[in-house]
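What follows is one structure encoded as C-alpha cells, with my remarks underneath.
Just so you know, these numbers come straight off a predicted model, no measurement behind them. Just so you know, ligand 1 is whichever comes first in the structure, and atom 1 is the first atom listed for that ligand.
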Amino acid sequence: MDYKKYIASKINVEGVSVEEIASSIALPPNSQMGDYALPCFKFAKALRKSPAVIAQDLAKEISTDDVISEVSAINGYLNFKINKSGLAREVLGRIAQQGEKYGSSDVGAGRTICIDYSSVNIAKPFHIGHLSTTVLGSALYKIFNFLGYNAVGINHLGDYGTQFGKLISAYKHWGNREEVENGGIHAINDLYVRFNNEADEAMEKEAREYFRLIENGDKEANDLFEWFKKLTLEYVQKIYDRLDVHFDSYAGERFYTDKMQPVIDELREKGLLKESNGAQIVDLEPYGMPPCLILRSDGASLYATRDIAAAIYRKKTYDFYKCLYVVAYQQNLHFRQFFKVLELMGKEWAKDLVHVAYGMVSLEDGAMSTRKGKVVWLEDVISKCVEKAYAVINEKNPDLANKAEIAEKVGVGAVIFGALYNNKIKDITFSYDKVLSFEGETSVYVQYTCARASSVLEKAEGYDAALPEELNPTDEEFEVIKTLASFPEIVLDAADKYEPSYIARYSVDLAQKFNKFYFDCKILAAEPGVKDFRLLLTKATLRVLENALGLLGIGVPDKM
Ligand code: ARG
C-alpha cells in the first residue's frame, strides 16, 4: 500500500489533486511529531487562510481508522501517526512476498524509453569523463526496466569523423599489426596522439584522402577502421562487464550515413535550410540560438545532422515514449539546437526528447590529474579503487575467503556510487579515500551494513517467518519500517527526475536507520517472539538494500 496516497485520499483541499497532496506529504525529521506530515504553506494563497488555520481545519475533518491512528495540527503542518502494527505487518509481508521485485511496478507497461548513454568514441580513450554518462545511463536503464518500461540502451558510437583518416595515416607510417593487436586501444591512441604532434601537411592531406576512402567504401580503409572499432569495443566491453552495463544497440554515428540525405531533403522541402558562407544551416536566431550547422561548405555532414537522423530513426524503430540523452552539460546547446530543428520540422514528438545533463568529474588525486595530452583512463580509476578496497579488506579481515571477489564488488561499487551520490548536475571531485570510507555516505558503508545483516541472519540459523498478529515496534524499528515502506516511491521519483542519486541517498538513509536499530535493540538476544520479528526486519532491510544498490549496478557481498 502507498501510505502517502492513502493519507492524501482522505484530505480535501479544493482545486488540489490527490496526487499533488500525496507528493507533498513528507516524513518529518522528528518522528515524535508524526510519521507523515503535510506542510500546508503552499495552500495558503489559494485558500486565503494561514497555514496554521488550514492545518487545524483539515485535522478536524479527518477521521482516524485502521491505518491512521492520530491526526494533529502543529504550526502549519498536518501530522499523522500511523497504526504501527498494521504498517509493519503490511510492509514486511509485502517485502517477503515480492523479494527482489519489491519497489518495482508496471507504471511503464507498454511504453518504450530510449536511453542514449556512454556513447564511446572509437579509437579514443575511454576516460574518467565517460564515467557519469555510463553509470547514470545504466542506472536509468535499470530503473526504467524495474518500473515496467521497455528500456532500450543505445550506445551512439562516435565512429565517424576525420580522425579515422588520421589514424590510418599514422598507422601506415608508424604502426604495425602486432603492436596494435597487443597494445589494443592504448597503442591506437598513441598513434593518434603521435599524428597530432608530428603530422606535416603531406600527412594531413593523406589523412583527408583516407577519410574519403572510408566514405567511399574502399576495402582496405574500411577493414582498418573495422579493426580499430573491434579493438575499441572489446576493450570497453570489459569495463562494461565490470560495471554491469548493458546495451541493446550499438548503432553509432556511422550507422546514419545513408539516413542523412532524406533529412536534408526534408529540411529543404520545408524551407528550413539556408545557405551561409557556402554551408547549409537552419537559422535559430528567432529562438536565441546560433544556427544549427547541417552541411559544411565541402558537403560534409555534422554531429547535429547525424543526431537529427538518429532521432527520426529511433522514433520510427522504437516508437519511444521518451528518448533520453545522458550527456554532459557542455553539450547543452547542441541538444537545444537539434531538438528545436526537429520541432521546426513538425515532429510533434520532439517534446519527448530529453537531454539528461550532468556535471563534470575531476580527480582529487594529483598524481593522476589530466596533464596536457595525458588522459585518465576509466579502467585505471576502477582498478586503483579495487586495489585500495583489497588493501582495506585485507587489513580489516585478513582471513576472509574470496577477498579478490569482494574487493571487486566494493571497489567497483565505490566508483559507481561516487559518481551517482550527488545530484547529477553538480561537478564532482572524485576522491579515492572518500568513496572508500566505511563511515561516510558511501556504497562501502551500505555494503558493510548488508554484510552485518547477513551475518546476523546466518548466526540466527533460521527463524519463524510468520508475522504475529500484533506488533509493537520500538521507535528504532519503526523508523526502519517506514523507510522500507518508502522505497517504491523513491524509485518512482528517481525515474521521474532522472536522478539515480535519490536511490543512492536512500540506501545510505536506510542503512543508517538499520544500524541505529542494530545497536539499540538486541536482535539475537531478544526474547523469542521479538527476536523473530527483528530477524524478519533484518532480512527485509537486506533485501531492500540489495534492490536499491542493484538498480545502481552495485553488487552486495555476504561478508566483508
Ligand atoms: N560521442 C559523443 C561524445 O563523446 C557523445 C554522444 C552522445 N550522444 C548523442 N546522441 N549525441 O561527446
Review point. Should Gln331 and Tyr325 be marked as a side-chain contact (heavy atoms from CB on, under 4.5 Å) after you check the CA-CA gap, both sets of side-chain angles, and the distance that decides it?
Key: CA-CA 10 Å; Gln331 295 192 29; Tyr325 298 84; over 6 Å; no

Check your understanding: Can you tell me how far the OG atom of Ser301 sits from the OH atom of Tyr256, to the nearest 0.5 Å?
Key -> 13.5 Å

Practice item. Drop me the distance from Glu387's CD to Leu436's CG, to the nearest 0.5 angstrom. Key: 11.5 Å

Point to revise | Six-ring centre of Tyr432, Lys384 cation under 6.0 angstrom, axis tolerance 45° | key: yes

Put together the list of close N/O pairs, under 3.5 Å, between ligand 1 and the protein, could you?
residue: ligand 1; atom: 1 (N); partner: Ser119; partner atom: O; Å: 3.1
residue: ligand 1; atom: 1 (N); partner: Asn121; partner atom: OD1; Å: 2.8
residue: ligand 1; atom: 4 (O); partner: Asn121; partner atom: ND2; Å: 3.0
residue: ligand 1; atom: 8 (N); partner: Asp116; partner atom: OD1; Å: 3.2
residue: ligand 1; atom: 8 (N); partner: Asp116; partner atom: OD2; Å: 3.4
residue: ligand 1; atom: 10 (N); partner: Asp116; partner atom: OD2; Å: 2.8
residue: ligand 1; atom: 10 (N); partner: Asp307; partner atom: OD1; Å: 2.8
residue: ligand 1; atom: 11 (N); partner: Tyr303; partner atom: OH; Å: 2.8
residue: ligand 1; atom: 11 (N); partner: Asp307; partner atom: OD2; Å: 2.8
residue: ligand 1; atom: 12 (O); partner: Gln331; partner atom: NE2; Å: 2.9

Practice item. Please test Phe338 against Phe335 for ring-ring contact (aromatic ring centres under 6.0 Å, His included), starting from the C-alpha separation and ending with a verdict. Key: CA-CA 5 Å; Phe338 88 78; Phe335 286 98; 5.5 Å; yes

Check your understanding: Mind checking whether Phe438 and Tyr448 have parallel, tilted or perpendicular rings, split at 30° and 60°?
Key -> perpendicular

